Amino acid sequence: MDSPVHSNSRSGQAIIMVTSSLLFTFSVMGLAIDLGWCYFLKMRVQTAADAAAISAAVYAKNNGDACGTVSCGVIYTCTGVTPPTTSMQAGCLYATLDGPPRMTATMIENNTAPPGVTGNTPSMWIKATVSTNSPNNFLFSAGFASATITAQAIAGLSSQPSTSCVYVLDATAAGALSVTGNSTLSSSSCGVYVNSSSATALNVTGSSNVTASSGGKVYVHGNTNITGTSTVTPTAITGSASVADPLLTLAAPSFTASCDNTNYAIASSSTATLNPGIYCGGMSITGNSTVNLNPGAYILNGGGLKIGNSAHVYGTGVTFFNTGKFTYIAAPVLLTGNPTVTISAPTSGTYKGISFFQDRTVTYGMSNAIANSSTVNITGTYYFPTTAMALTGNVSTPVYSAFVVGTLNITGSSQLKNDSTGTYTGLSKTVSTLIQ
């Protein structure tokens, strides 16, 4: 008689072990797939946040967007606005990249210290926060239905100061920069640019000196004429490329044909306090008068500016805009005689660092001049892009001054120091960068 067949109990155990192994293997594979997908989404969301923050910063830089234009410190929830009219809206266009998956985003900007950032102090920062929801295809069975993926990025606007404080812009003039007699042009830690292609673009004669110390350079597009015992230190780099007007994008003030003052003049020993406004026919301050200027823009519509004799002029946060419109004829800025002029440009705002702004659309044959025994303490940039500037006699120039002029003729002494922040001369450009 045949013996009964008994099943092998070990085969059942093998099935259980194989099944368990397969379950474990598939679970690990599912975990890897879900985590891999989440990692991909994290990179995608981070890219969107980076793009949103930097594009918002670029928009702010190009359009002057700042606190006041937008609501600083207030979270903006992204919605589709095309074309954008604020930096927040511009950033939102990049915060929700074409799906899938669908992304949501918020933007916020402020001029305080950026959150969570050390060692970087931008003038303004913009933060983008982008999120998306990722369904879990395998972890769903373990109770993890989905995961929220979030990324943040912060971009900042900061000023990059110019490395030069003298820009002579005329492209062809002989002696575009002339330092003659026993004169000195000294610039510490800042360079000198001469755009003229003339064989005598830089003219230094007699016993004069042009010095760009502490790393400054002297760049000349054309050539030099250095005679007598004169020196240029360091040696001028001739054949250098021309440079663009560093203030070319600065918009001129707009104004109407109306006049707040016409042919303003003060003389003798009078004292006055003036307010910003439109001075048709210019401004004349002479005698032993004293004039105090309140902060703001003084638009000289024709007639220019004349300060002479023993006049005293004081002001903080002051910009003179020299032009000629609505039948008025532009004239130069003249500081002659023995006046004392102590003024400083604004240290913030549109005309930060600009003491004198000559309208680019006008010209006049006579040089703007600081002459005779003028005691001039002017902090800011002399911006006369299409006209000449002459410094003669006993002229005292403070350290934080700069010249952006058509031509420059020095028969005196001028000592300039580089404005390392752009605060005092306005010679800086705003850059936008990711900082976190």
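This structure is a prediction, so every number in the text was calculated from the model and none was measured. In this chain, numbering begins with 1 at the start of the sequence shown.
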_Measuring only between side-chain heavy atoms, which start at C-beta, is N261 closer than 4.5 Å to L274?_
no
*salt bridge (charged side-chain N to carboxylate O under 4.0 Å, His left out): which pairs involve residues 109-127, sequence neighbours left out?*
none
*Compute the ring centroids of F320 and Y279, then answer whether they are less than 6.0 Å apart.*
no
*Can you pull the side-chain hydrogen bond (donor to acceptor under 3.5 Å, both in side chains) pairs that have at least one residue in residues 232-255, sequence neighbours excluded?*
D245-Y383
_Using the rule given for side chain to side chain donor-acceptor pair (under 3.5 Å), can you reason through S207 versus N182, listing the C-alpha separation, both sets of side-chain angles and the distance that settles it, and then say yes or no?_
CA-CA 5 Å; S207 55; N182 185 26; 3.2 Å; yes
*Answer yes or no: is there a side-chain heavy-atom contact under 4.5 Å between H221 and V243?*
no
*asked:* Just verifying a value: how many Å separate I154 CD1 and T433 OG1, rounded to the nearest 0.5 Å?
replied: 11.5 Å
*Side-chain heavy-atom pair V405, N368 within 4.5 angstrom cut-off*: no
*For T82, enumerate each residue passing the side chain to side chain contact (heavy atoms under 4.5 Å, CB included) test, keeping only those at least two apart in sequence or located in another chain.*
L93
*With no hydrogens and no angle check, is any side-chain donor or acceptor of S123 less than 3.5 Å from a backbone partner on L157?*
yes
_side-chain hydrogen bond (donor to acceptor under 3.5 Å, both in side chains) partners of residues 184-198, not counting sequence neighbours, each pair once_ = S198-T200
*Taking all atoms of both residues into account, what is the closest heavy-atom pair of S432 and K61, and its distance?*
OG-CE, 4.0 Å
*Look at the aromatic rings of Y424 and Y400 and report parallel, tilted or perpendicular, splitting at 30° and 60°.*
parallel
_Quick one: does any side-chain atom of S208 pair with a main-chain N or O of V204 as donor and acceptor, under 3.5 Å?_
no
*Would a distance-only check, ignoring hydrogens and angles, find a side-chain to backbone donor-acceptor pair under 3.5 Å from T386 to V362?*
yes
*Pairs involving residues 300-313, ordered by first then second residue, that meet salt bridge (charged side-chain N to carboxylate O under 4.0 Å, His left out) (sequence neighbours left out)*: none
*What residue among T106, D50, T129 forms side-chain contact (heavy atoms from CB on, under 4.5 Å) with Q152?*
T129
*Between L391 and F403, does a side chain to side chain contact (heavy atoms under 4.5 Å, CB included) hold up when you go through it step by step?*
CA-CA 11 Å; L391 305 179; F403 295 98; 3.6 Å; yes
*asked:* According to salt bridge (charged side-chain N to carboxylate O under 4.0 Å, His left out), does anything in residues 403-413 pair up with another residue at least two apart or in another chain? List the pairs.
replied: none
_I378 backbone acceptor or donor facing S401 side chain under 3.5 Å_ = yes
*Using the side chain to side chain contact (heavy atoms under 4.5 Å, CB included) rule, take D419 and T421 through it: C-alpha gap first, then chi angles, then the decisive distance, then the call.*
CA-CA 6 Å; D419 176 11; T421 64; 3.3 Å; yes
_Partner set under side chain to side chain contact (heavy atoms under 4.5 Å, CB included) for T205, not counting sequence neighbours_ = T180, N203, N225, T227
_Between I285 and N309, is there a side-chain heavy-atom distance shorter than 4.5 Å?_
no
*Kindly indicate whether the side chain of S367, heavy atoms from C-beta on, has any atom under 4.5 Å from the side chain of N409.*
no
*Hey, is CD1 on I75 packed in by over 12 heavy atoms from elsewhere, all under 6.0 Å?*
no
*For residues V341 and S374, determine if any side-chain heavy atom of one lies less than 4.5 Å from a side-chain heavy atom of the other.*
no
*N/O donor-acceptor pair under 3.5 Å between S414 side chain and L185 backbone*: no
*Among all residues two or more places apart in sequence or in another chain, which pass the side chain to side chain contact (heavy atoms under 4.5 Å, CB included) test with S258?*
T256, I278
*Distance-only, no hydrogens or angles: does the T425 side chain make a donor-acceptor pair with backbone N or O of G422 under 3.5 Å?*
no
_Pairs meeting criterion side-chain hydrogen bond (donor to acceptor under 3.5 Å, both in side chains) with involvement of residues 289-305, two or more places apart_ = N275-N294
*asked:* For I226, is there any backbone N or O sitting under 3.5 Å from a side-chain donor or acceptor partner on T224?
replied: no
*Pairwise side-chain contact, T381 with V404, heavy-atom cut-off 4.5 Å (strictly under)*: yes
*Kindly state each residue pair satisfying side-chain hydrogen bond (donor to acceptor under 3.5 Å, both in side chains) with at least one member in residues 328-355, sequence neighbours excluded.*
none
Let me have the donor-acceptor pairs involving side chains of residues 161-171, under 3.5 Å, with sequence neighbours excluded, atom names and distances please.
{"residue": "S162", "atom": "OG", "partner": "S164", "partner atom": "N", "Å": "3.0"}
{"residue": "S162", "atom": "OG", "partner": "S164", "partner atom": "O", "Å": "3.1"}
{"residue": "S162", "atom": "OG", "partner": "Y167", "partner atom": "OH", "Å": "2.5"}
{"residue": "D170", "atom": "OD1", "partner": "T172", "partner atom": "N", "Å": "2.9"}
{"residue": "D170", "atom": "OD1", "partner": "A173", "partner atom": "N", "Å": "2.8"}

*asked:* Can you confirm whether P332 sits close enough to T387 that some side-chain heavy atom of one is under 4.5 Å from a side-chain heavy atom of the other?
replied: no
*asked:* Any donor-acceptor pair under 3.5 Å linking the side-chain atoms of T150 with those of S131?
replied: yes
*For the pair S230 (side chain) and G206 (backbone), establish whether a donor and an acceptor sit closer than 3.5 Å, ignoring hydrogens and angles.*
yes
*What's the spacing between S87 OG and Y76 OH if we round to 0.5 Å?*
10.0 Å
*Hey, could you give me each pair passing salt bridge (charged side-chain N to carboxylate O under 4.0 Å, His left out) that has a residue in residues 314-325? Not counting sequence neighbours.*
K325-D359
*asked:* More than 12 heavy atoms of other residues, nucleotides or ligands under 6.0 Å from CD1 of I329: yes or no?
replied: no
*First locate atom CZ of F326, then atom SG of C259, and finally report the distance between them rounded to the nearest 0.5 Å.*
9.5 Å
